[in-house]
Amino acid sequence: MELSFNLAARLDADLQAAARNADLADAAAFAPEVRVADARHGDFQANGVLGYAKARKLNPRAVAEKLAAALGPSVREMCDIAIAGPGFINFTLRPAALHGWLQRWASRAALAMGAAENSPLSGQTWVVDYSSPNTAKQMHVGHLRSAVIGEAVARLLAFGGAHVIRDNHLGDWGTQFGKIIWAYRRHLDAAALARDPLEEFERLYKAGHAAAEAYPAALKEAQQELVKLQSGDADNLAIWKKIGDASLGAFQQIYDRLGIRFDHTLGESFYNDKVEQVYRELTAAGLATESQGALVVFHPEHPRFATQPFIIRKSDGAANYASTDLATVLYRCGHFQSDAIAYVIDSRQGDHCEQLFLTVQKWFAQTGRRAPRLEHVSFGTVLGEGGKPLKTKSGENIRLKELLAEAEERAFALVGDKSADLPEPERRAIAAVVSVGSVQYADLAQNRSSDYVFAWDKMISLDGNTAAYLLYAVARIHSIFRKLGAAPGDAAAEAGASALETPAELALARKLVKFPDALQTATTSLRPHFLCLYLYELAGEFSAFYAADKVAVDDLPIRARRLLLCARTLLILETGLQLLGLRTLQRM
RNA sequence: GCACCUGUAGCUCAACUGGAUAGAGCGCCAGACUACGAAUCUGGAGGUUCGGGGUUCGACUCCCUGCAGGUGCACCA
């Protein structure tokens with residue numbers, strides 16, 4: 001009995017082999033489509049027979065019977081097979097197979113190996129472009145999703161076997177610097193700069209922006225400052241450098257709390273000397289043309305981009321983010337040899353991404369380069385409970401550091417409520433993990449394509465599909481091992497385990513073996529919420545098991561098999577949470 | 001005007017990209033702690049999946065169309 005990591009994939013292959021062995025007409029065209037099934041019907045189901053039979057005017061049930069009969073002995077040993085409904089083939093794993101799987105995939109290393117083997121990601125290099133805030137501004141709630149989703153996506157891709165490069169593509173070269181430098185020269189408060197540089201730069205930006213809005217002359221002067229900066233003016237560069245340093249320090253504090261580490265922080269400025277090549281090549285390829293003084297790319301075959309330009313150089317000669325994004329793709333493909341790039345960016349930039357991707361495709365094709373796979377990992381806006389974008393009462397964006405501080409306060413109050421007996425330093429440490437985890441998880445648990453309603457109560461209420469529910473399950477399992485004086489995964493504690501038997505044991509084991517499916521779905525779709533949903537359901541099965549079957553029983557074979565279940569649940573919960581970017585706790 | 005996203009239980013969300021009787025949490029109702037952590041568990045009520053057509057063995061999912069909300073569309077990123 002060969003218990004592959006991904007049992008659905010294995011059954012799929014088995015059915016394909018059965019189709020050949022049974023001399024099914026046109027067997028090569030038969031796709032079994034094995035999926036995780038509703039528990040009522042079994043563990044996995046093959047849906048492919050219906051479509052296949054229908055297209056060939058065959059009786060689906062008869063085809064299903066034939067296929068089932070042609071399945072090899074190792075499948076039959078592994079599961080019960082039944083034909084149901086109009087022609088589904090249902091597979092129900094036998095207790096021994098569940099047990100065997102849990103024994104084989106028993107460590108983090110084993111899971112990682114299973115996830116990476118036979119993965120299409122193995123050997124690929126992915127650049128994940130995420131977070132990417134603008135310097136000179138504090139990170140606010142609008143920066144949360146890219147950072148959180150991007151980190152989870154990066155971890156998932158890496159676990160699936162990809163070589164992942166995390167790149168923080170800072171907005172450190174745009175028009176805002178013209179405005180700040182303009183204001184710096186006129187309205188700088190040196191004392192304030194010394195006290196809190198980022199605060200002062202933010203104030204200067206607002207002053208410059210307001211002036212540019214109000215007076216066309218000021219706007220012109222600000223644009224000139226930007227052109228000077230981009231062409232290497234020493235004074236402007238010095239100011240710009242101060243801004244960058246102050247910003248990076250503040251960003252790093254946020255990243256530390258969120259557990260984010262970048263491999264590179266190559267902002268737009270890094271590409272300043274690389275945009276000329278882009279202008280040159282795109283012009284030579286006949287893709288870019290002059291329009292209203294700017295250099296633009298149109299896509300004649302496209303309904304909108306035939307007339308909506310992709311502006312790759314502004315009419316004043318300055319670069320914009322289209323210029324640098326194009327240069328960035330070239331750099332990533334050349335320097336990092338990347339096969340794919342995932343852009344974790346707001347869905348409002350869908351047009352920009354689409355234009356960028358189209359342009360890269362044509363540009364690379366014409367210059368004989370292999371185009372990378374480009375993915376816009378888009379996400380909706382963070383809304384307040386009124387359904388409007390989340391703001392402070394005065395209409396400002398909520399700063400991320402303040403949001404995280406409030407989360408921690410709320411979590412700390414709750415920990416004091418629930419676990420007053422723990423010493424304060426530990427309660428503080430718990431609050432730190434629970435609060436950040438709750439913020440991350442609330443974001444990740446939802447399908448990223450829709451807007452996301454930020455609600456404190458839902459997030460830290462600790463009921464339902466929340467970080468705290470999962471962390472609680474983890475803490476309870478650790479507690480069991482503490483009580484019994486055993487270490488999770490210790491072979492001695494699991495030795496002599498008897499066969500899985502009770503409904504709760506079996507239900508939990510059935511859930512555990514479906515981890516690979518959830519992982520794969522989340523990774524290939526670049527949608528972490530599939531993993532969240534799975535982990536939540538797993539924690540639910542565990543809680544039901546915990547209530548139904550006591551682990552610390554005197555009967556040692558029973559205790560051993562339940563400890564095995566606890567250890568694997570812990571392993572998968574901790575692995576899964578870690579892949580989402582969360583930290584876990586042993587007590588809470 | 002054109003395009004994209006969204007519309008599912010009172011509320012917040014799922015539904016593995018076309019599969020079986022659309023599922024969770026909150027809230028509501030009824031239960032379970034002198035058993036390993038009750039931040040938990042068990043059960044119940046709650047649905048014209050925005051409307052209308054179509055495609056097929058099968059549609060929340062795909063196509064057409066209408067409605068509602070959000071977003072983007074020439075030099076901000």
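Reckoned from all heavy atoms, side chains included, excluding hydrogens, waters and symmetry mates. Lettering follows sequence order; numbering is per chain, from 1.
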Pi stacking test for [X] and [N]: under 5.5 Å apart, planes under 30°:
| X | N | answer |
| --- | --- | --- |
| Phe88(A) | A20(B) | yes |
| Tyr546(A) | C41(B) | no |
| His41(A) | A20(B) | yes |

Item to complete: Please give the nucleotide sitting opposite C16(B) as a Watson-Crick or G-U wobble pair, both distances under 3.5 Å, or none.
Response: none
Worksheet item: Whom does A30(B) pair with, Watson-Crick or G-U wobble, provided both distances fall under 3.5 Å?
Response: U42(B)
Worksheet item: What is the glycosidic conformation of U17(B): syn, defined as within 90° of 0, or anti?
Response: syn
Could you check whether [X] gets within reach of a base, just the sugar-phosphate, or nothing at all, counting any heavy atom under 4.0 Å?
| X | value |
| --- | --- |
| Ala475(A) | base |
| Ala53(A) | nothing |
| Val453(A) | sugar-phosphate |

Worksheet, complete the sentence: To the nearest angstrom, the OH-P distance between Tyr452(A) and A14(B) comes to 12 Å
Fill in: Distance test, side-chain N/O of Arg35(A) to OP1/OP2 of G19(B), below 4.0 Å
yes
Discussion item. Quick check on Asp554(A): does its CG atom have over 12 non-hydrogen neighbours (other residues, nucleotides or ligands) under 6.0 Å away?
Written reply: no
Item to complete: Mind telling me whether Trp173(A) and Trp240(A) have parallel, tilted or perpendicular rings, with 30° and 60° as the class edges?
Response: perpendicular
